[in-house]
**Q** 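First the structure, then my questions, so here it is.
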Amino acid sequence: MTTLPIDPERFLADLHMLRSFGASGTGKGVCRPAFSKADLDSRDWLAGRMEEAGLRSHFDPVGSLFGLVHGPSLLIGSHSDSQVEGGWLDGALGVIAGLEVARAAQEAGGPPVSCVSFQDEEGRFGVTTGSAIWGGNISLAEADALQGPDGTSLAEARKALGARAGAFLDPDRFTGFLEMHIEQGPVLDTEGGSLGVVEAIVGMRNLTMTLKGAQNHAGTTPMRLRKDAFQGLAAFTTALNDRFRNVVTPATVWTIGHVEVHPNAHAIVPGEVRFTLQWRDGSTDRLDRMEEIARDTVQEICAERGLGLEFAPKLELAPVTMDARLRGALEQGAEAAAPGAWRAMPSGALHDATNLSKLMPVAMLFVPSIGGISHDFAEDTTEADLVTGLRALAGAVSALG
């Protein structure tokens with residue numbers, strides 16, 4: 001199979017250059033949250049690299065950056081924002097791989113390939129925010145009201161785009177979407193394999209709840225008279241784990257990952273707790289059942305303890321099966337790049353491809369994560385595996401024509 005004339009050294013140099021924006025100083029880690037100075041600086045640099053490659057750079061209203069060819073094209077990419085303590089490859093790998101394949105296609109005279117770096121995939125303001133808005137999962141007006149941990153709204157953060165921001169692109173100009181990503185899990189690294197071709201991406205629900213009790217003196221308020229919001233959260237967590245037991249599978253996961261206690265002082269009974277519950281599974285029916293259990297359980301706990309309860313709007317992504325044609329091309333590319341050393345596998349992590357599946361056919365390719373580590377400064381993949389992934393991606397594009 002003839003593949004595009006990719007340049008692995010150029011690809012790796014660009015990947016390391018992107019890492020320099022927001023470099024943590026700890027290993028290869030980065031701190032490049034959406035709309036931070038490091039994030040916007042990196043997007044300006046990426047836009048320049050796209051223009052140098054003969055692509056037209058375009059920012060949409062939420063800061064997602066596209067490198068466009070004229071006319072219909074395949075779209076390849078991921079995201080370049082990071083967690084507050086993030087790894088250098090999460091998202092960034094797919095962006096630079098997309099840039100390199102699009103650049104090689106330009107140099108070869110085709111096929112037509114565009115590339116993209118979506119904004120706020122890591123969820124400073126939501127869940128895969130930039131692609132979720134473009135995919136119609138949430139309106140721009142609804143998303144603008146979302147707030148980050150510091151209380152800043154997306155609408156306020158978007159002002160930093162200034163004159164960069166253009167219109168939303170018509171998704172019909174793209175024939176499909178390919179996303180290469182680190183696995184962010186241990187399967188390829190521990191069980192062997194250079195590449196993973198994704199079969200499906202699990203679905204996710206994210207629910208933010210606020211328990212409202214009565215703030216009071218921690219030394220003088222008898223236990224029997226307290227309305228302790230944090231104790232309500234503790235009771236909810238215990239009850240939820242028990243009630244999920246007969247509903248979930250070994251592959252189902254749920255997490256209380258963000259907790260805000262008010263006033264968060266050692267001598268005050270907590271009067272309010274705001275927290276997130278996120279759960280993931282490949283079955284929509286199971287996701288629905290888990291939501292029903294979570295809502296019923298928290299309402300019961302609050303009623304028993306005299307606590308108030310508020311729900312924020314729910315964020316959700318449905319399970320997504322990969323497109324057969326695009327997946328087949330990735331399998332063909334994987335076999336050519338790593339004969340017998342690839343496997344089909346699910347994705348337990350969410351990706352921008354989930355949202356794009358509403359707009360066009362999508363498929364994904366994984367490379368190993370050393371130790372299965374991600375969302376951490378220690379995240380890493382060998383450069384040999386990165387290049388193998390790039391070769392497989394280029395091979396898939398060649399197979400698609």
Side-chain angles (χ1 to χ4, degrees), residues 31 33-36 81-86 120 122-129 132 138 141-160 204-244 253-280 290-316 375-376:
C31 180
F35 298 101
S36 64
D81 65 297
S82 82
Q83 290 283 342
V84 175
E85 293 189 5
D120 196 27
E122 296 292 5
R124 178 184 172 190
F125 297 98
V127 177
T128 60
T129 314
I138 184 173
E142 291 171 323
D144 269 342
L146 297 173
Q147 293 186 347
D150 63 354
T152 302
S153 69
L154 175 61
E156 293 168 337
R158 289 201 301 118
K159 293 177 183 178
M204 183 277 299
R205 305 281 172 88
N206 198 89
L207 190 61
T208 299
M209 294 171 269
T210 302
L211 309 185
K212 297 190 173 185
Q215 180 177 323
N216 214 330
H217 197 291
T220 62
T221 309
M223 298 302 293
R224 69 182 186 281
L225 298 180
R226 294 187 180 196
K227 294 183 179 180
D228 186 327
F230 186 80
Q231 290 296 323
L233 172 58
F236 168 71
T237 302
T238 301
L240 189 71
N241 288 342
D242 182 64
R243 294 182 183 187
F244 275 171
V253 295
W254 62 97
T255 307
I256 292 178
H258 180 76
V259 178
E260 297 175 4
V261 181
H262 182 83
N264 201 26
H266 67 272
I268 301 177
V269 176
E272 184 172 297
V273 173
R274 182 175 183 266
F275 66 98
T276 61
L277 172 66
Q278 184 180 107
W279 61 105
R280 306 187 191 204
M290 292 175 72
E291 180 175 347
E292 181 183 2
I293 291 171
R295 288 182 182 272
D296 288 348
T297 301
V298 74
Q299 288 168 350
E300 289 176 18
I301 295 294
C302 287
E304 291 170 0
R305 294 173 174 267
L307 303 175
L309 172 64
E310 290 183 358
F311 292 103
K314 176 184 64 179
L315 300 171
E316 62 181 300
H375 287 186
D376 187 279

**Q** Closer than 3.5 angstrom, by distance alone: can the side chain of Arg124 be matched with the main-chain N or O of Val84 as a donor-acceptor pair?
**A** no
**Q** Rounded to the nearest 0.5 Å, how far apart are CZ of Phe244 and CE of Met290?
**A** 4.0 Å
**Q** Keeping the roles fixed (side chain from Asp120, backbone from Phe125), state whether a donor-acceptor pair exists under 3.5 Å.
**A** yes
**Q** If I compare all heavy atoms of Gly123 with all of Thr129, which pair ends up nearest, and what's the gap?
**A** CA-OG1, 4.5 Å
**Q** Run the side chain to side chain contact (heavy atoms under 4.5 Å, CB included) check on Arg226 and Gln231 step by step: do they pass?
**A** CA-CA 10 Å; Arg226 294 187 180 196; Gln231 290 296 323; over 6 Å; no
**Q** Tell me if the CZ atom of Arg274 is crowded by more than 12 foreign heavy atoms within 6.0 Å.
**A** no
**Q** Side-chain contact test, heavy atoms from C-beta onward, threshold under 4.5 Å: evaluate it for Leu233 versus Val261 and give yes or no.
**A** no
**Q** Can you name the nearest heavy-atom pair linking Asp81 to Glu122, along with the distance?
**A** OD2-N, 3.0 Å
**Q** What are the two closest non-hydrogen atoms of His217 and Val269, and how far apart are they?
**A** O-CG2, 3.9 Å
**Q** Which pair of heavy atoms, one from Phe236 and one from Thr297, lies closest together, and at what distance?
**A** CD1-CG2, 3.8 Å
**Q** About how many Å separate CD1 of Ile256 and OG1 of Thr276, when rounded to the nearest 0.5 Å?
**A** 8.0 Å
**Q** Could you tell me whether the side chain of His258 reaches within less than 4.5 Å of the side chain of Gln278, counting heavy atoms only?
**A** no
**Q** Does the side chain of Glu85 come within less than 4.5 Å of Asp376's, by heavy atoms?
**A** no
**Q** So do Asn216 and Ile268 actually touch side chain to side chain, heavy atoms under 4.5 Å?
**A** no
**Q** Measure the spacing between CG of Leu309 and CD1 of Ile301 and express it to the nearest 0.5 Å.
**A** 11.0 Å
**Q** A cation-pi test, strictly: NZ or CZ of Arg295 under 6.0 Å from the centre of the six-membered ring of Phe311 and no more than 45 degrees from its axis. Yes or no?
**A** yes
**Q** Considering all heavy atoms of both residues, which atom of Phe230 and which atom of Pro270 are nearest to each other, and what is their separation?
**A** CB-CG, 4.0 Å
**Q** Between Arg205 and Lys314 (side chain of the first, backbone of the second, donor and acceptor by atom type, cut-off under 3.5 Å), is there such a pair?
**A** no
**Q** For Gly271 and Pro263, which heavy atoms make the closest approach, and how far apart are they?
**A** N-CD, 4.2 Å
**Q** Report the distance from atom CH2 of Trp254 to atom CG of Asn241, rounding to the nearest 0.5 Å.
**A** 6.0 Å
**Q** Count the heavy atoms of every other residue, nucleotide or ligand shown that sit under 6.0 Å from CZ of Phe275, and state whether that count exceeds 12.
**A** yes
**Q** So how far is it from Gln147 CD to Glu156 CD, rounded to the nearest 0.5 Å?
**A** 7.5 Å
**Q** Between Val298 and Leu211, is there a side-chain heavy-atom distance shorter than 4.5 Å?
**A** yes
**Q** Atom CD of Glu310 and atom OG1 of Thr208: how far apart are they, to the nearest 0.5 Å?
**A** 12.0 Å
